[in-house]
Amino acid sequence: MKQPDNPLHDAHASLAAFDGEQLMADLDALGAIGREAGRGLQRMAYSDADLAARQWVQAQMQALGMGATLDAAGNVVGYLPGSEALPALALGSHTDSVPGGGAFDGALGVLAALACVRTLRSQGVKLRHPLLLLNFAAEEATTAASPLGSLSFTGRLTAEALDGPAWHGGSTRALLTERGFDSDALVANHPPLPLAAFLELHIEQGDQLLSPRTPIGVVEGIVGIRRYYVTFEGQANHAGTTRMERRRDALVAAAPFITTVRDVAVAHGIVGTIGRIDVQPGAPNVIPGHVTLDVEIRDMANTTLDRAEQALHDAAAASGAQMVHGHCKEPTPADPRLMAAIERACVRLDLPHRALPSGAGHDAMNMAALCPYAMIFVPSEGGISHAPDEFTLAAECIAGGRVLLATLLDLDEGV
Ligand SMILES: [Zn+2]
């Protein structure tokens, strides 16, 4: 095959040919699948609507002449051969939703990747690398082991993880079986090709890109998460007959710690949350005898998390509470070379950009186990997501898609 004389000129032509209108039409079409009036998207993992959405994406891939198959987890794996024997470049995201979700979370990344392939096809551009377009299943935390589809794709899903609950009320394994999936095959799943890099375009879901307004975020990494259970012991007793000065109320003892978590987070420039409180025995006429607070802190820097953790330990010890460590997830930094390629793409397209961490988990953090990864963020209006009024301006969706394409072309030349 004849190589273009001037690959850079070719890249300019491809970027100009990126069909933003078709991308927005695709977002509308996919956003209609599983939408319920007044309730947003109801495209929970492996529901009828979720399966229909991935079938729709698979049909779009096939219409563009891609190979497109479902793997053991129901991930749609689109494939375009490259002109050289190289590891594959991969683009993708997910199309399942939370109950009452919006049309942009996940879908934008999948459809923008599709738009990249559409551009390559229309311009007759053949990449040196094979290209995988990944539409992951079950990214949202509506099943156990989420993001489940990418965990299975990367060959790191354990059988035990499927015992955990799914949104339909039963176990995740039962949901999979009911929908015709073989959970052993999910555990045995693996990527079809060696990978050189993974890129994911996603809405920010926060509000950092809104002030100052910046169309493109270059993700530095996905934050680490540390959870703790902080338990306060008191004395359960009769709420009517026990005088106030004689009480040992575990919830009253716990109350100052709630604001301490907020203060520690603010002081360390991180986020900290108490999302659940367990009060025992938990009756209106009984003084709380035992209270457990579920505490979570998140940040990109382990050193900062270490310092905040120590401050929480000190505060818990000072109030006589027990602090036990729960789930912990290490920060997942993005690849600096891929981040630099995204920044070059922004410069080429004359788009303002800035680096920021992702406070939410994404499929990319599973892909990081296989290959270098990077993510491109576009603004979420009002910082709203996981809600029916989640929205991103068309111009910013399209800008994100163009950056994805320009980064892909850059990596294809250089990786
Ligand atoms: Zn998402």
Side-chain angles (χ1 to χ4, degrees), residues 23 26-27 30-31 33-35 40-47 49-50 53-54 56-57 73-76 90-115 133-154 166-167 198-209 216-223 225 298 329 332 334 356-368 373-392 396-397 400-401 403-404:
L23 169 59
D26 284 354
L27 271 166
L30 182 58
I33 302 175
R35 177 175 300 285
L41 277 196
Q42 302 288 332
R43 226 156 56 199
M44 286 75 79
Y46 303 110
S47 62
D50 171 51
R54 276 200 306 287
W56 185 89
V57 171
N75 300 310
V76 186
L91 309 178
S93 196
H94 63 95
T95 50
D96 63 314
S97 81
V98 296
F104 297 83
D105 180 350
L108 175 62
V110 172
L111 296 177
L114 200 61
L133 204 164
L134 302 170
N135 177 185
F136 290 115
E139 190 272 346
E140 301 291 359
T142 53
T143 63
S146 70
L148 178 63
S150 51
L151 196 64
S152 166
F153 179 85
T154 54
W167 60 272
F198 176 69
L199 291 174
E200 181 170 4
L201 169 66
H202 204 280
I203 56 168
E204 186 205 335
Q205 303 181 273
D207 61 2
Q208 295 187 67
L209 292 176
I216 301 294
V218 183
V219 176
E220 297 166 316
I222 296 168
V223 295
I225 302 175
R298 300 190 185 205
K329 193 171 244 166
T332 314
L356 79 174
S358 171
H362 293 287
D363 291 308
M365 71 194 175
N366 283 330
M367 293 299 283
Y373 89 93
M375 291 188 75
I376 301 159
F377 273 178
V378 289
S380 294
E381 285 304 321
I384 295 166
S385 71
H386 284 187
D389 42 4
E390 170 184 292
F391 182 71
T392 296
E396 291 172 338
C397 290
V403 171
L404 185 66

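Both counts, for ligands and for their atoms, begin at 1 and track the order of listing. Reckoned from all heavy atoms, side chains included, excluding hydrogens, waters and symmetry mates.
For the residue pair Ser93 / Glu200, a side-chain donor-acceptor distance below 3.5 Å is found, with atom types taken as modelled. Checking Asn75 against His94 by side-chain atom types alone, no donor-acceptor pair falls below 3.5 Å. Side-chain atoms of Asn135 and Thr95 form a donor-acceptor pair, as typed in the model, at a separation below 3.5 Å.
With waters neither drawn nor counted, the protein N/O/S atoms under 2.8 Å from the Zn ion (ligand 1) amount to 3.
When all heavy atoms of Thr332 and Tyr373 are compared, the closest pair comes out as O-OH, 2.6 Å.
Once rounded to the nearest 0.5 Å, the distance linking CD of Glu139 with CG of Asp363 reads 5.0 Å.
Checked against the 6.0 Å centroid criterion, the rings of Phe198 and His362 do not qualify as a close aromatic pair.
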